[in-house]
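In what follows, residues are counted from 1 in the order of the sequence shown. Quick caveat, the model's predicted, so the values are computed rather than measured. Quick note: numbers below take in every heavy atom, side chains included, and nothing from hydrogens, waters or symmetry partners. Whatever order the structure lists ligands and atoms in, that order sets their numbers, starting from 1.
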Amino acid sequence: MSLLVIGTLAYDTIQTTAAKRADVLGGSALYFSVAAAAFQPVQLVAVVGRDFRPGDLQLLEQRGVDTSGVEHADGRTFRWSGRYEADWNTRHTIETQLNVFEKFDPKIPSAMRSSQYLFLANASPLVQAKALDQVDHPAFTVVDTMNLWIEIMRPELLALLRRVDGVVLNDEEARMLTGERNLLKAASLVLGMGPRYVILKKGEHGAFLMGSDVHFSLPAYPVGMVVDPTGAGDTFAGGFMGYVARAGNLEPKTLRKGMLYGTVAASYCVEGFGIDSLKERTRRDFDVRYDELLSIVTP
Ligand code: AMP
């Protein structure tokens, strides 16, 4: 089934306790696409500036991502910079430069409007809603967001949540959105806001999926050495949606398996800087680690 993502392509400056790197290829839609493309072709809608390196688009094309929906605008590409504490769980955003993203008015190419599976990756809820308006009858729309948008565009985000099938949130975002500390209760409250499914990501503590017909919880895959957690959430969503779109149905078992593939994808992401490790991974690698994860959680 066709899978469309809209979100950011970015150049990130990332600081960990071990290293600092500038202008690392990133963005919410980047991580999602690279992970999902291990399963099936992905259609990408985003905006980049004149400074965007042509080789970075080629990398996506080679992975099976259709970049014909990427707009080239006058100005600089979206930039984000962040710093991690030694425990990886605390991230400080140092700076967000919207640049060409500030005036982004997404245009979904006509060939992509019939997409069945739609992921609205982290972006302003207004941009996400404009994209959703242009897709004919998506069978499964999932949205991601972040603390910034919950703070500054709450009404727009709540309006969007009423129109989508699923939402992915990390623990901090779920608490911020609902005001509830207990994550199970927070997930129930989010379901009351509209979506049929909520996926709650808890970083190294794993993730759970809640919906009326499914409740599933998983630990993270135990990674030997974390190099850079940037993009792990988007990558999780890419593994999940890539698998589910490939399966082409929303059976509870498919969604559960999607959670395992999301977990596997995120584990590959954090093992390298940016997409260094993730971009090398094939469906076969995903399957190998899927089996390992399964053996870890089954008695
Ligand atoms: P994650 O670690 O999964 O939260 O994703 C990190 C990625 O999100 C980075 O590559 C950033 O470029 C991108 N990002 C950071 N802030 C925003 C924002 N406000 N809107 C969209 N994407 C963002």
Side-chain angles (χ1 to χ4, degrees), residues 5-16 21-36 44-49 52 56 60 76-85 88-102 104 106 119-128 131 142-153 156-157 160 167-174 176 199-204 207 220 226-241 262-263 265-279:
V5 57
I6 167 153
T8 51
L9 286 177
Y11 285 130
D12 296 335
T13 296
I14 302 164
Q15 209 174 324
T16 69
R21 290 233 207 139
D23 286 342
V24 177
L25 176 63
S28 56
L30 183 271
Y31 286 99
F32 179 92
S33 302
V34 173
L44 167 64
V45 170
V47 63
V48 295
F52 202 72
D56 290 338
L60 284 167
R76 270 160 64 84
T77 298
F78 178 94
R79 273 178 171 69
W80 173 83
S81 87
R83 180 174 62 81
Y84 293 91
E85 301 270 349
W88 298 119
N89 293 325
T90 316
R91 171 164 87 186
H92 306 282
T93 289
I94 297 168
E95 195 185 18
T96 303
Q97 293 177 14
L98 294 176
N99 297 336
V100 291
F101 202 72
E102 190 167 1
F104 182 41
F119 187 68
L120 304 169
N122 185 16
S124 126
L126 285 177
V127 167
Q128 292 174 318
V142 177
V143 66
D144 187 13
T145 190
M146 73 180 297
N147 47 10
L148 174 72
W149 309 120
I150 299 172
E151 264 169 38
I152 70 170
M153 283 199 191
E156 292 85 352
L157 180 62
L160 183 66
V167 57
V168 288
L169 296 166
N170 67 28
D171 39 8
E172 182 201 348
E173 292 155 0
M176 223 169 140
I199 292 177
L200 262 173
K201 300 164 295 173
K202 300 176 287 171
E204 62 178 339
V226 175
V227 173
D228 168 24
T230 308
D234 310 303
T235 302
F236 183 101
F240 172 79
M241 288 287 279
T263 301
S267 75
Y268 281 133
C269 172
V270 305
E271 283 179 344
F273 241 102
I275 53 165
D276 282 358
S277 163
L278 183 66
K279 72 176 195 306

Taking non-hydrogen atoms only, is [X] closer than 4.0 angstrom to ligand 1 via side chain, backbone, both or neither?
X	result
Asn122	both
Phe101	neither
Ala121	neither

For the residue pair Tyr31 / Thr230, report whether a side-chain donor-acceptor contact shorter than 3.5 Å exists. no

Given 3.5 Å as the limit, does a donor-acceptor pair link the side chain of [X] with the main chain of [Y], or not?
X	Y	answer
Thr77	Ala10	no
Ser28	Thr8	yes
Asp228	Gly274	yes

Parallel, tilted or perpendicular: which one describes the rings of Phe119 and Phe32, with boundaries at 30° and 60°? parallel

Could you check whether the rings of Phe104 and Phe101 sit parallel, tilted or perpendicular, using 30° and 60° as the cut-offs? tilted

Within the structure, does Gly27 bring an N/O atom to less than 3.5 angstrom of an N/O atom in ligand 1? yes

Atom indices of ligand 1, in the order listed, that fall short of 4.0 Å to a heavy atom of [X]:
X	answer
Leu148	19 (N)
Ala10	12 (O)
Gly26	10 (O)
Tyr31	10 (O)
Gly231	1 (P), 2 (O), 3 (O), 5 (O), 6 (C)

Option from Leu169, Asn122, Val168, Val167 for which side chain to side chain contact (heavy atoms under 4.5 Å, CB included) with Val143 holds: Val167

Met241/Val5 under side chain to side chain contact (heavy atoms under 4.5 Å, CB included): CA gap, chis, key distance, verdict: CA-CA 10 Å; Met241 288 287 279; Val5 57; over 6 Å; no

How far is [atom] from its nearest protein heavy atom, and which residue and atom is that?
atom	value
atom 4 (O) of ligand 1	Arg91 NH2, 2.9 Å
atom 10 (O) of ligand 1	Asp12 OD2, 2.5 Å
atom 18 (C) of ligand 1	Met146 SD, 3.4 Å
atom 22 (N) of ligand 1	Thr8 OG1, 3.0 Å
atom 3 (O) of ligand 1	Asp234 OD2, 2.9 Å
atom 14 (N) of ligand 1	Phe78 CE2, 4.0 Å

Which heavy atom in Asn99 sits nearest to a heavy atom in Arg79, and how many Å separate them? ND2-N, 4.1 Å

How about CD on Glu102, more than 12 heavy atoms from neighbouring residues, nucleotides or ligands closer than 6.0 Å, or not? no

Heavy-atom distance to atom 16 (N) of ligand 1: which of Phe236, Trp149, Trp80, Phe32 wins? Trp80

